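A, B, ... follow the sequence lines: proteins, then strands. Residue 1 opens every chain. The structure displayed is predicted, hence computed values, not measured ones.
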Amino acid sequence: MRQVEQKPLVEAIRLTKTYRGALFSHNDIQAVREVSLKIAPGETLGIVGESGCGKSTVARLLMGLEKPTSGVVLFQNVRIDCLPERKLRPIRSAFQMVFQDSGSSLNARKQVFDILREPMLYHKTVSAQEAPTRIDELLSMVGLPPETKYRYPHEFSGGQRQRICIARALSLQPKLIILDEPVSALDVSVQAQILNLLRDLQDTLGVAYLFIGHGLGAVHYISHLIAVMYRGRIVEYGDSEELFRHPAHPYTKALLDAAPATDFSQRNAPRVLLTGEASGDADEGGCDFEKRCPFACAACRNRPYELRPVADGSRHLASCRLAAEL
Amino acid sequence: MIPLLEIKNLDITFPHGSEQIRCTDRVGFSIDPGEILCIVGESGCGKSITALSVLHLLGRQGKVSGGEILYRGQNLLAMTDKQLDAIRGREISMIFQDIMASLNPVLSIGCQMTEGIRRHLGYGKRQANDMAVELLAKTGIQQPESMMRKYPHMLSGGMRQRVMIAMALACRPKLLIADEPTTALDVTIQMQIIQLLKSLRSEYGMAICMITHDIGVVVEMADRVVVMYAGQCVEKGDVRDVLEDPLHPYTQALLRSVPDVRASRGLRLQAIPGTVPENYQGIGGCRFAPRCVFAGSCTCENCEWEPDAYGHYARCCRAFENRQVPYAAS
């Protein structure tokens with residue numbers, strides 16, 4: 001079993017990212033607002049939410065691809081959000097990223113062999129002589145035959161390309177892999193293969209994942225912990241099983257109800273359906289979800305955002321005042 | 001009952017170099033009036049081109065080399081483009097996955113909506129405008145008048161899809177072909193669109209042919225299902241029969257490989273090994289055989305459709321042996 005309290009591998013404290021609005025516009029866009037999270041070694045944190053909720057921005061902030069407007073990112077207790085690129089580079093080998101579009105994240109003019117060798121030689125994790133053996137090893141780890149190393153990315157199917165991306169991420173023996181919608185573009189049958197592969201790799205290598213997705217089923221399957229984001233904020237955070245079985249925030253409940261049933265017996269089951277869409281209006285204070293929330297009342301409009309335990313001492317956190325009653 | 005649309009033994013070929021590639025192999029199914037039929041399959045299985053061929057939208061390259069497409073008894077394939085104009089948009093409408101590409105970015109929504117209405121129904125400007133506003137309101141758009149003046153880039157994906165649906169409904173079509181209309185949308189918006197289509201079906205009494213790769217969409221809205229794999233229909237039947245008692249090993253495997261939020265995460269997903277073959281034309285016999293768990297014991301060269309007493313078909317010689325719940329013959 002996983003230990004409950006471990007020293008976190010990555011920790012984000014009150015991360016905020018504000019983008020300037022359009023030219024001459026006074027509305028800045030708050031993509032991420034005060035997001036705090038921790039990922040322990042060998043653990044998976046899933047982030048779910050609708051498009052535009054800031055989940056990919058969180059990933060980019062953790063990777064150091066964007067600088068936060070305020071807040072802190074700690075990687076093994078070292079603050080990395082303010083490091084210059086030059087100093088960040090040696091640490092970067094410890095956290096890698098896999099993107100949704102495997103086609104455009106692999107260099108089309110390079111053979112798989114070179115794609116996998118380049119990062120290893122750059123970071124000097126292996127010598128040029130050892131590289132070929134390591135490449136064969138990486139390919140077999142992700143379930144591709146070693147003969148395929150002299151092929152080009154276009155000769156592979158989408159699922160196989162995603163395997164190459166995972167192999168490339170693994171080549172530096174990272175402690176954390178950030179997966180930004182890695183299975184969203186794949187066929188159902190292949191999606192299951194990749195999810196199983198990711199789980200097996202975690203079991204053997206002990207790597208931690210940050211898994212971003214909008215398919216609730218996939219996120220639930222792969223994650224130990226889940227953070228639900230809405231308009232740049234985490235509205236609910238907790239153990240994967242617990243959070244989906246007993247959602248404490250009306251938004252999480254609505255997301256679950258909106259997920260199509262996979263079982264015919266659940267067709268036409270009663271559900272709470274959301275109307276409207278997440279608006280990008282400026283923050284007016286109070287609960288962000290109030291306008292779409294079926295349980296909203298006057299008190300919600302003025303209540304400041306706060307992520308609180310659902311029950312005393314619980315790891316399950318929610319930002320709704322009704323959390324304990326839902 | 002005479003089916004509204006009947007597709008019989010449809011073969012579609014595309015040129016590849018000097019040879020012709022057969023992308024669908026004797027595809028056949030029918031849609032009754034007012035019914036929701038879901039065609040489900042993975043990418044490249046031929047579900048979209050089958051739908052496109054109904055309205056002659058295959059482009060210059062694609063050719064229908066065999067079979068018939070009958071709309072209320074008339075063969076659509078034999079029609080000229082001029083004759084088809086009376087059917088396209090009027091009797092059969094279509095909506096697509098890539099909504100941004102189906103709306104003109106430089107024309108306002110009002111302009112694009114009224115164009116079809118004026119052309120098909122011969123309405124005047126004012127009348128067409130009123131009708132467009134009414135249709136937009138029907139698809140759940142708040143403040144439809146202001147929507148008429150907006151441009152596609154100002155709308156979110158869900159709103160654009162609503163506009164597309166409103167346009168498709170203009171002439172009260174008997175059949176709406178929807179090619180993955182919810183794939184690019186968020187789950188919450190997807191559910192709104194599914195509910196909208198279902199309510200419009202009961203209000204207008206139109207049939208919907210829904211193309212999807214998402215089993216969830218099938219569960220939520222289908223009356224009947226056609227499962228396609230590698231250019232062939234492999235199973236078809238009533239939605240309940242197909243989902244609760246899948247006969248074809250592919251359907252069975254597909255249903256098992258979907259991660260479910262409501263299931264325990266301790267259970268391992270049963271992925272289908274291998275990938276969909278890219279060049280499936282050359283495969284003789286069963287095209288699923290290389291990935292099929294039963295393939296070793298399967299001796300059949302070319303499995304044909306075998307229906308049961310309830311009109312549930314599967315292209316597998318083991319279909320009725322694999323049956324999970326035995327049916328009593330009626």
- [ ] Answer whether the closest heavy-atom distance between the side chains of B/R287 and B/D25 falls below 4.5 Å.
- [x] yes
- [ ] Please look at A/Q191 and chain B and tell me whether the side chain, the backbone, both or neither of the residue comes under 4.5 angstrom of a heavy atom of that chain.
- [x] side chain
- [ ] Looking only at non-hydrogen atoms, find the nearest pair between B/I95 and B/P181 and report the distance.
- [x] CD1-CB, 3.9 Å
Task: Flag for A/H220-A/S240: side-chain donor and acceptor within less than 3.5 Å - done: yes
Open item on the list: Quick check on A/L186 against chain B: is it the side chain, the backbone, both or neither that has a heavy atom closer than 4.5 Å?
Closed with: neither
Task: Heavy-atom pair count under 4.5 Å with chain B, highest-scoring of A/D257, A/L216, A/V188 - done: A/V188
TODO: Among B/L254, B/L185, B/I189, B/V217, single out the residue with the greatest number of heavy-atom pairs under 4.5 Å to chain A.
DONE: B/I189
Open item on the list: Which atoms of A/S223 are under 4.5 Å from chain B, going by heavy atoms: the side chain, the backbone, both sets, or neither?
Closed with: backbone
Open item on the list: Can you tell whether the side chains of A/R315 and A/E242 come within less than 4.0 Å, N to carboxylate O?
Closed with: no
Open item on the list: Can a side-chain donor-acceptor contact be found between A/S105 and A/R161 if the only test is distance below 3.5 angstrom?
Closed with: no
TODO: Step by step, work out the side chain to side chain donor-acceptor pair (under 3.5 Å) result for A/S189 and B/E42.
DONE: CA-CA 8 Å; A/S189 68; B/E42 295 178 277; 2.5 Å; yes
TODO: Please say whether the positively charged group of A/R151, taken as NZ for Lys or CZ for Arg, lies over the ring of A/F156, i.e. under 6.0 angstrom from the six-membered ring centre and within 45 degrees of the axis.
DONE: yes
Open item on the list: Do the side chains of B/D223 and B/R201 get close enough for a salt bridge, i.e. N-O under 4.0 angstrom?
Closed with: yes
Open item on the list: How close do B/Q190 and A/P260 get, counting heavy atoms only, and between which atoms?
Closed with: NE2-CG, 3.1 Å
Task: Heavy atoms of other groups near A/E155 CD, more than 12 under 6.0 Å - done: yes
Task: Greatest number of heavy atom pairs closer than 4.5 Å to chain A - which of B/Q195, B/Q192, B/H213 - done: B/Q192
- [ ] Give me the contact list for residues 264-272 of chain B versus chain A, heavy atoms only, anything under 4.5 Å, ordered by residue number.
- [x] B/S264, B/R265, B/G266, B/L267, B/R268, B/L269, B/A271, B/I272
Open item on the list: Looking only at side-chain N and O atoms, does A/Q202 offer a donor or acceptor that is under 3.5 Å from a partner on A/T44?
Closed with: yes
TODO: Pick one of side chain, backbone, both or neither for A/F244, based on which atoms fall under 4.5 Å of a heavy atom in chain B.
DONE: side chain
- [ ] Would you mind checking which part of A/T262 comes under 4.5 Å of any heavy atom in chain B, side chain (CB onward), backbone (N, CA, C, O), both or neither?
- [x] both
TODO: Tell me yes or no: between the side chains of B/T24 and B/Q232, is some donor less than 3.5 Å from an acceptor?
DONE: no
TODO: Would you kindly say whether A/S184 and A/Q100 are connected by a side-chain donor-acceptor distance under 3.5 Å?
DONE: no
Task: Modelled atom types, side-chain donor and acceptor of B/E235 and B/T251, under 3.5 Å - done: yes
Open item on the list: Please output the residues of residues 144-159 of chain B in contact with chain A, using a heavy-atom cutoff of under 4.5 Å, in numerical order.
Closed with: B/S156, B/G158, B/M159
Open item on the list: Heavy-atom cut-off 4.5 Å, strictly under: side chain, backbone, both or neither for A/L274 against chain B?
Closed with: both
